[in-house]
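For this chain, numbers begin at 1 and follow the sequence in order.
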Amino acid sequence: MTDQYAVIGNPISHTRSPLIHGSFASATGQELEYTAIETSVESFARTVLAFRDTGGRGMNVTAPFKLQAFDMSDERSARAQQAGAVNALKFEAGRILADNFDGVGLLQDIRRNLGVEVTGKRIVVLGAGGAARGVIPQFLAQRPSELIIVNRTVAKAQELAAQYSAENSVRAVGYTEVDRQPFHIVINATSASLRGELPPISQTVFAQAHLAYELAYGKGLTPFLRLAQAEGVAHLADGVGMLVEQAAEAFAWWRGIRPDTRGMIEALTIPLR
Ligand code: NDP
């Protein structure tokens with residue numbers, strides 16, 4: 001039987017993962033089938049186990065199931081443990097292995113694809129939800145000079161910063177404190193853009209920025225990116241590169257071969273203008 005893989009989420013109709021993994025499989029000569037599965041919170045664990053028991057070898061996990069996937073896994077990578085959430089599962093010898101490639105994917109996109117260095121830079125991450133949890137430890141591993149986490153619900157940002165503050169220059173603040181500080185890299189890890197909203201920042205947050213990165217993808221110029229453009233930020237990017245890079249990491253974990261990502265990023269990119 002052909003090896004089975006799937007992405008699981010709710011909703012799932014928007015997913016690009018079957019397209020991405022199908023293309024990776026063709027490019028690397030791997031024989032596999034990759035589908036999309038929609039389920040409910042109540043049925044999540046049952047659906048994962050049924051998939052595994054009928055030939056499933058691995059899954060990508062997307063909203064809102066990243067915490068449930070964490071809870072039901074038997075072994076978690078250090079990255080998954082740090083994030084407290086997983087976005088990829090592998091079924092091996094009766095065990096469920098879990099990892100989180102969101103942060104690795106983002107850092108690969110920023111450093112390798114966009115050619116922007118993180119070490120020694122001042123970074124601000126807007127948002128303290130699931131995506132922020134995955135990307136913050138990966139930023140810190142690159143030793144920025146300072147990382148500021150900003151969130152509407154400040155307590156969530158504070159809780160996240162406290163996890164890392166012993167060894168790193170990381171702080172949590174509210175939106176009112178962030179505007180006049182100079183940042184090199186501004187990351188929008190809020191879900192505001194999914195509703196066409198702007199987090200409560202003003203243009204001054206981009207005054208010294210070299211890169212404005214929007215984690216949402218496929219939306220063109222979001223209000224966040226539009227503001228950065230107005231301030232003349234050199235690099236504007238959305239999360240399509242992160243999406244493809246995290247997929248390539250999962251593919252390599254499952255199949256032992258890392259596909260080239262450049263063509264797929266180009267194919268999925270919606271021009272930012
Ligand atoms: P969560 O629901 O876990 O977190 C949402 C975050 O956004 C919270 O910090 C919330 O603040 C904040 N927020 C929501 N609306 C606003 C607003 N109007 N103004 C300010 N803050 C707001 O979402 P995720 O972390 O899972 O996802 C965040 C984004 O990342 C989404 O756009 C998602 O599509 C994208 N993403 C992209 C990936 C990729 O591969 N490119 C992978 C994963 C996610 P509060 O806590 O105060 O409510």
Side-chain angles (χ1 to χ4, degrees), residues 102-103 106-107 109-111 113-140 142-165 168-243 269-273:
D102 281 339
L106 175 61
L107 267 294
D109 195 36
I110 291 177
R111 297 180 70 218
N113 301 340
L114 301 171
V116 173
E117 202 35 76
V118 170
T119 307
K121 299 290 166 56
R122 287 194 88 233
I123 299 172
V124 60
V125 175
L126 313 178
R133 298 186 82 83
V135 305
I136 282 165
Q138 300 303 315
F139 273 120
L140 291 174
Q142 297 300 319
R143 298 277 157 206
S145 65
E146 189 172 33
L147 190 147
I148 308 279
I149 307 169
V150 191
N151 200 42
R152 236 175 11 185
T153 315
V154 183
K156 269 166 70 179
Q158 285 168 336
E159 190 190 314
L160 198 47
Q163 261 180 270
Y164 303 103
S165 57
N168 297 281
S169 187
V170 52
R171 284 193 296 132
V173 300
Y175 278 99
T176 51
E177 292 170 65
V178 84
D179 261 354
R180 261 167 283 285
Q181 301 190 35
F183 297 107
H184 301 115
I185 297 175
V186 185
I187 305 288
N188 186 9
T190 75
S191 55
S193 302
L194 301 181
R195 293 177 299 280
E197 294 167 8
L198 178 70
I201 52 168
S202 73
Q203 207 167 311
T204 54
V205 82
F206 297 110
Q208 293 186 29
H210 190 56
L211 167 66
Y213 198 108
E214 166 74 76
L215 260 57
Y217 54 88
K219 305 264 171 214
L221 266 188
T222 60
F224 167 82
L225 290 174
R226 206 173 287 284
L227 201 64
Q229 188 184 51
E231 189 62 25
V233 176
H235 292 277
L236 303 180
D238 74 3
V240 71
M242 170 181 175
L243 175 75
T269 292
I270 292 179
L272 298 176
R273 54 173 173 254

Pairing residues for Thr176 by the side chain to side chain donor-acceptor pair (under 3.5 Å) criterion, not counting sequence neighbours: none
Gap separating the CG atom of Leu140 from the CD atom of Gln163, nearest 0.5 angstrom: 10.5 Å
All pairs passing side chain to side chain donor-acceptor pair (under 3.5 Å) where residues 211-222 contributes a residue, at least two apart: Asp109-Tyr213, Asn188-Glu214, Ser193-Glu214, Glu214-Thr222
ring-ring contact (aromatic ring centres under 6.0 Å, His included) partners of residues 185-208, not counting sequence neighbours, each pair once: Phe206-Phe224
Ala209 to Val233 - nearest heavy-atom pair and separation: O-CG1, 3.9 Å
Criterion side chain to side chain contact (heavy atoms under 4.5 Å, CB included) on Arg111 and Gln142, from CA distance to verdict: CA-CA 10 Å; Arg111 297 180 70 218; Gln142 297 300 319; 3.1 Å; yes
Pairwise distance CZ(Phe183) to CD1(Ile201) - rounded to 0.5 angstrom: 10.5 Å
Gln138 side chain reached by Leu106 side chain, heavy atoms, under 4.5 Å: no
Stepwise side chain to side chain contact (heavy atoms under 4.5 Å, CB included) check, Val205 with Leu126: CA-CA 11 Å; Val205 82; Leu126 313 178; 5.8 Å; no
Heavy-atom side-chain contact between Leu236 and Leu221 under 4.5 Å: yes
Contacts of Glu197 that satisfy salt bridge (charged side-chain N to carboxylate O under 4.0 Å, His left out) - sequence neighbours left out: Arg195
Listed once per pair and sorted, the side chain to side chain donor-acceptor pair (under 3.5 Å) pairs that draw on residues 223-234, sequence neighbours left out: Gln203-Glu231
Pairs involving residues 182-192, ordered by first then second residue, that meet salt bridge (Lys or Arg N to Asp or Glu O under 4.0 Å) (sequence neighbours left out): none
Set of side chain to side chain donor-acceptor pair (under 3.5 Å) partners for Thr204, sequence neighbours left out: Ser202
By side chain to side chain donor-acceptor pair (under 3.5 Å) - contacts of Gln208 (at least two apart): none
Non-hydrogen atoms of Ile185 and Ile187 that approach each other most closely: CG2-CD1, 3.7 Å
Nearest atoms (heavy-atom pairs only) where Val170 meets Ala161: CG1-O, 3.9 Å
Shortest non-hydrogen separation from Val125 to Ala189 and the atoms involved: CG1-CB, 4.0 Å
Leu114 side, atom CG; His210 side, atom NE2 - distance, nearest 0.5 Å: 9.5 Å
Minimum heavy-atom distance between Ala237 and Leu225, given as atom pair plus value: O-CD2, 3.8 Å
Pairs where residues 144-159 contributes a residue and the test salt bridge (Lys or Arg N to Asp or Glu O under 4.0 Å) is met, not counting sequence neighbours: Arg122-Glu146, Glu146-Arg171
Separation between CG of Leu107 and CG of Asn113, rounded to the nearest 0.5 Å: 11.5 Å
Chi angles and distances behind the side chain to side chain contact (heavy atoms under 4.5 Å, CB included) call for Leu147, Tyr164: CA-CA 10 Å; Leu147 190 147; Tyr164 303 103; over 6 Å; no
Closest contact, heavy atoms only, Ala132 versus Leu160: CB-CD2, 4.4 Å
